[in-house]
*Asks:* 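Before anything else, here's the structure in question.
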Amino acid sequence: MSKEIDISIRYLDNVLSSNNANLILNSTAALLESISKHCDTTNYELKRCIISLLRIIDKKCFFNENVDLNQIKYSLKELGSLCPKHPKSTQSYATPKIIEVDSDSEANPEEENIDNLLNQLNLKKVPCFSPSFPAIDDESDDENGVTTKQKEEERAEQHGQKVCEEEVVKLPDGREIRMKKTKTVNVKQTTKHVTISTKSANMPEVSRQFMNTKRGFDEDEESEDTNFGSPLRTDPFERFKLMLQDKEESSDSDASNPGSSSKTKTIERNSEVSQKVSEKKERDGKLLAEHEASKLDKSNLFAKQIDTFQGNTLIDRKGEGSYEESTLIKSDQPQQSQVATPPRMHVVEYMMMFGDDNKNNENEYLKGTTISSYVRLNSNLRTHEEQFRKKIQFEFSTAGTSSTTIDLDNLSDLLNQTDFNCLRPPQKWLEDVPHSSNNQQPKAIDWQRESIDKHRIHKEKDLLLEDDAREYIIFREKNGKALEVRGGPRDALIVYATQPGHSTLLYQEAFLITFRTFINVLELVNKLIKRFIYMSMSTDAQSESKARHTFSVIVRIIDEVTHYELDRDLITSITSFVYRLIHEGNFTFSRILRTRLLERLREPFDVEQFLSTNLAKPKKPQDLFDFKSADIACQLTFIDSQLYHKIESAELLWWSQEQNENRSRNLVNFTEQFNKLSFWVRTQIIIQSSQKDRERYMMKFIKVMKHLREMCNFNSYLAILSAIMSTPLARLEWDKKIKDALKDHTGIMDTAQSYKNYRALLQTAKPPCVPYIGIILQDLTFVHAGNPDTIPADRCNNKKNILNYLKRWNQFAILDSIRKLKKWNYDIKRNDIIIQFFNGFQNRIDEEKTWELSHLIKPSNRKSKA
Amino acid sequence: MREFKVVVLGSGGVGKSALTVQFVSSTFIEKYDPTIEDFYRKEIEVDGQPSVLEILDTAGTEQFSSMRDLYIKNGQGFVVVYSITSQQTFHDIRNMKEQIVRVKGTENVPILLVGNKCDLSHQRQVRTEEGLALAESWSCPFTECSAKNNQNVNVTFAEIVREMNYVQNRSRQSKSCCSIQ
């Protein structure tokens, strides 16, 4: 029996007294993990014991209730004695679930493999880099002069690839056969182009070209080594590894039944493409101009895939890895925008959209006017995502929880054509029962004890348990082809989100971001759990796949659940579902769910603490001029981006419907920072007693503002701008120098034409970027106010409560850009000295006082009302 | 054609956005896209004279107190909205006239006071007389309307146009008076 369980039991026992909920929950998770590895979790006694342990621990840690610690200790003791009695059974694979290709799933598992990934990556070409240099003026008309223009291009490519395959076959007598193959391929190619054209007054232009190419290819022999019966330690990440290292080297408890084998394939691939282009122009040997630009693209893939076979049948496939890509562009023309032109489709998408061959047509983006600025912003963000650096972690498995990327083309197309003429009505009209949720709060359900009678349920009509929701949904139609969801009854929309074979990635993402506009999390989770339980009662492959997909939607919802929503009821529903999963022997799913839940249980963010420092008071009082403008801008950006990343899209969505500060805590923190900064800046300027000092401060803030704009921090940028343009300051007399310096900025705040100027600025921003959230809130508010929640009954067969999904598409378009921007972050280190100087922006006077000072400096010519 | 910039002010939740949406699109429209440039523009004919209103509605951004100044600066006429179902929202706007006057630097500002949500009369917390009294102290017109039922909405915006016309004419007159003297 593994010592690991012993250790984790003892560890948990020890931390119990600490009363630290986080610690207890994490060590419980570790215990569950080791049990799942070494014990037969299908044993009834063991399951019962685990569930009762979790019940008390959850009561203590999630709900902060007083529990009898001895009860926990007793459970632990029982667990300690039960575990060794039920080691992981070698029979557990006796009835393997053969994962079949779902007939209703478009993602073909055959394609979800690592070879496909590699092939697609190999097909990816770095586009030819051709910056355009400004034309070199040749003004002199010297008849005898000889002008030489030289253009040089140097391109080097280097790709290395190492594929390692390891196969382990377990024989009936317990021996193992291992085979290992390694293949390394290196490809090198360099080309050099030189074009020289010479021109003199009475000679036609002559061009000479040189080209020099070197190619290298080297593939080393396949090294193969086979060995019999050697034990192998796996699990390099196991936390108890050190404690166990000297023990039980040979007890391999993972022995499988005869005929099973596993294949592990790892791929390491790196590639480097460097391109350099230069141009030179000379006249009579005298250099007129020279330009040079270079670009370096690097990518690095590390991926691993494990296939488990039963005989010749693939029963499981799992994969994971990371991919890193970076692009470095150097140019003496800083304003060049065309260098940002990315490859049309990048590898991330290949990875995430296995088997999806839809090419994106970039030009499509710019069509259309609807939510156009966001669609354009989104596409701009995508462009930049391909520049600089990106790193992604990915995983795929036959369990079907994979990440997704959005196809924006569909979205802009979708928002453009909204006329009712091309709607496809559902095959069946179903009226949603009026939502009782408005006056009646949904309640927690104890899913472990809830009984679902499959036969009874089947008689009632429950959309939630339907196999396929498509026949209830209204689609938009184009040339007889169903396009995207336009509306439908609530439950049909929920079920449709669990049908990845039919609904698009775009739909699922939009559902996850906007469902809060028609159902609350608790109610939704309860509905999905019900569907999952119902589906997992049948053992056919179809139902199993439906249960699995439903489960992955539950996981995604938990992943993005907000602190506000995680109340007692929701936690009760989720944890009791965890117990039920354990009870049903689905230990893997129960652990996934529990882990995700723990990750969301973070303490709320404390802004005051974040803005305070531990530094001792500085000896001499500091002022603004002790710091460089760029450094101040950096620290403001550091603060903003930290606060910005805390905002959840749910908070924005809620805000557009009802302004509740408790629900949208992080959003309120962010807006408060904006206001604080603005009033702090006003204060700094207006409390200066001399005109000279006020101008000095003003100038300093203009400089800071300029840096902020360059860093694309529009939040602080506008906060400072709003201070400088505020009437108490703007009405005073300012030096021409200051007025000139402000000229570039004042237009940005023009509210005309729905903030046309600001929107244009944001659209061209290079991420990382912190947007001004006010306009986003305003847009969401108007999308909410202007679009009905349901489609009018006279347009859908007199059925009421048919949800208007177009409204959700609009909301999604706005919120998705927020999410995209959140993927980026600044590489700024916190500078405590400056943060301390900010002093939480507390040194500020209120609006009234600002006006008073302003009138003191320059008396009002308006007659007082009194 | 005359063009006016109108700013809609008031606390969150008083139905400003509904009022604006109702006005800029009086018929049933499938979609509302606030990001397009002319979303907030509308032509209106008042007393036989057509003009264009560009509406700046601060709905959603009420929390940005530091921006209010800029909104006011950008406006020529002001529609100040409260909800008749909430005393708090009425209280919030009590100093609004003073704020507007201070930013604009003149007493001559076209303002209209609007009590919204008059369809919810059973939840009324602010009596019509209270609204009237405040309007009187501001010496500005007053209406009650319902954005939800499209009741008095166009009347409201027509009123602010009249007010802007009136104030403009008056200041022109007073200027010409001054130059004569």
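Lettering follows sequence order; numbering is per chain, from 1.
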*Asks:* Passes side chain to side chain donor-acceptor pair (under 3.5 Å), Q659(A) versus Q63(B)? Steps please.
*Replies:* CA-CA 9 Å; Q659(A) 306 189 352; Q63(B) 289 270 317; 5.1 Å; no
*Asks:* Return yes when atom NZ of K148(B) has more than 12 non-hydrogen atoms of other residues, nucleotides or ligands closer than 6.0 Å, and no otherwise.
*Replies:*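 No, NZ of K148(B) has 12 or fewer neighbouring heavy atoms, counting only those of other groups under 6.0 Å.
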*Asks:* Look up atom CE in M67(B) and atom OG1 in T671(A), then write down how far apart they are to the nearest 0.5 Å.
*Replies:*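 Those atoms lie 12.0 Å apart.
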*Asks:* For atom CD of E129(B), decide whether the heavy atoms of other residues, nucleotides or ligands shown that lie under 6.0 angstrom number more than 12.
*Replies:*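 More than 12 within 6.0 Å, yes.
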*Asks:* So which of D750(A), L721(A), T781(A) has the biggest tally of heavy-atom pairs under 4.5 Å with chain B?
*Replies:*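 It is T781(A).
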*Asks:* What's the separation between atom CG in D69(B) and atom OG1 in T850(A), rounded to the nearest 0.5 Å?
*Replies:*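 One finds 9.5 Å between CG of D69(B) and OG1 of T850(A).
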*Asks:* Atom OG1 in T727(A), atom CZ in R102(B): separation rounded to 0.5 Å?
*Replies:*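 One gets 9.0 Å once the value is rounded to the nearest 0.5 Å.
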*Asks:* Closest heavy-atom contact between F679(A) and S65(B)?
*Replies:*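 What the structure gives for the nearest pair is CE1-OG, 3.9 Å.
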*Asks:* What is the distance from atom CZ of R68(B) to atom OG of S726(A), rounded to the nearest 0.5 Å?
*Replies:*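 One gets 13.0 Å once the value is rounded to the nearest 0.5 Å.
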*Asks:* Would you confirm whether K5(B), through its side chain, and T751(A), through its main-chain N or O, come within 3.5 Å as a donor-acceptor pair?
*Replies:*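 No.
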*Asks:* Go through the atoms of E847(A) and report whether side chain, backbone, both or neither lie under 4.5 Å from a heavy atom of chain B.
*Replies:*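 Only the side chain of E847(A) comes within 4.5 Å of chain B.
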*Asks:* Does some side-chain heavy atom of F64(B) sit less than 4.5 Å from a side-chain heavy atom of S722(A)?
*Replies:*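 Of all side-chain heavy-atom pairs linking F64(B) with S722(A), none is under 4.5 Å.
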*Asks:* Highest number of heavy-atom pairs under 4.5 Å with chain A: which of L70(B), D57(B), T20(B)?
*Replies:*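 Ranked by heavy-atom pairs under 4.5 Å with chain A, first place is D57(B).
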*Asks:* Once rounded to the nearest 0.5 Å, what's the spacing between atom OH of Y772(A) and atom OG1 of T61(B)?
*Replies:*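 It is 5.5 Å, given to the nearest 0.5 Å.
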*Asks:* Is E672(A) in contact with chain B via its backbone, its side chain, both, or neither, using a 4.5 Å heavy-atom distance?
*Replies:*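 When you check distances to chain B, no heavy atom of E672(A) falls under 4.5 Å.
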*Asks:* Which heavy-atom pair separates A785(A) from A18(B) by the least distance, and what is that distance?
*Replies:*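 So the minimum-distance heavy-atom pair works out to CB-N, 4.2 Å.
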*Asks:* Taking atom NZ of K849(A) as the centre, report whether more than 12 heavy atoms of other residues, nucleotides or ligands fall under 6.0 Å from it.
*Replies:*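 Counting other residues, nucleotides and ligands, NZ of K849(A) stays at 12 neighbours or fewer.
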*Asks:* Are there more than 12 heavy atoms of other residues, nucleotides or ligands under 6.0 Å from atom CD of E136(B)?
*Replies:*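 No, because the 6.0 Å sphere around CD of E136(B) holds 12 heavy atoms or fewer from other groups.
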*Asks:* Donor-acceptor pair, R682(A) side chain versus S66(B) backbone, under 3.5 Å?
*Replies:*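 Flag set: sc R682(A) to bb S66(B) pair under 3.5 Å.
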*Asks:* Begin with the C-alpha distance, continue with both residues' side-chain angles, and end with the deciding distance and a verdict on side chain to side chain contact (heavy atoms under 4.5 Å, CB included) for W851(A) and V103(B).
*Replies:* CA-CA 10 Å; W851(A) 273 102; V103(B) 172; 4.1 Å; yes
*Asks:* Using non-hydrogen atoms and a 4.5 Å limit, figure out which bit of F670(A) sits close to chain B: side chain, backbone, both or neither.
*Replies:*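 Contact with chain B involves no heavy atom of F670(A) at all.
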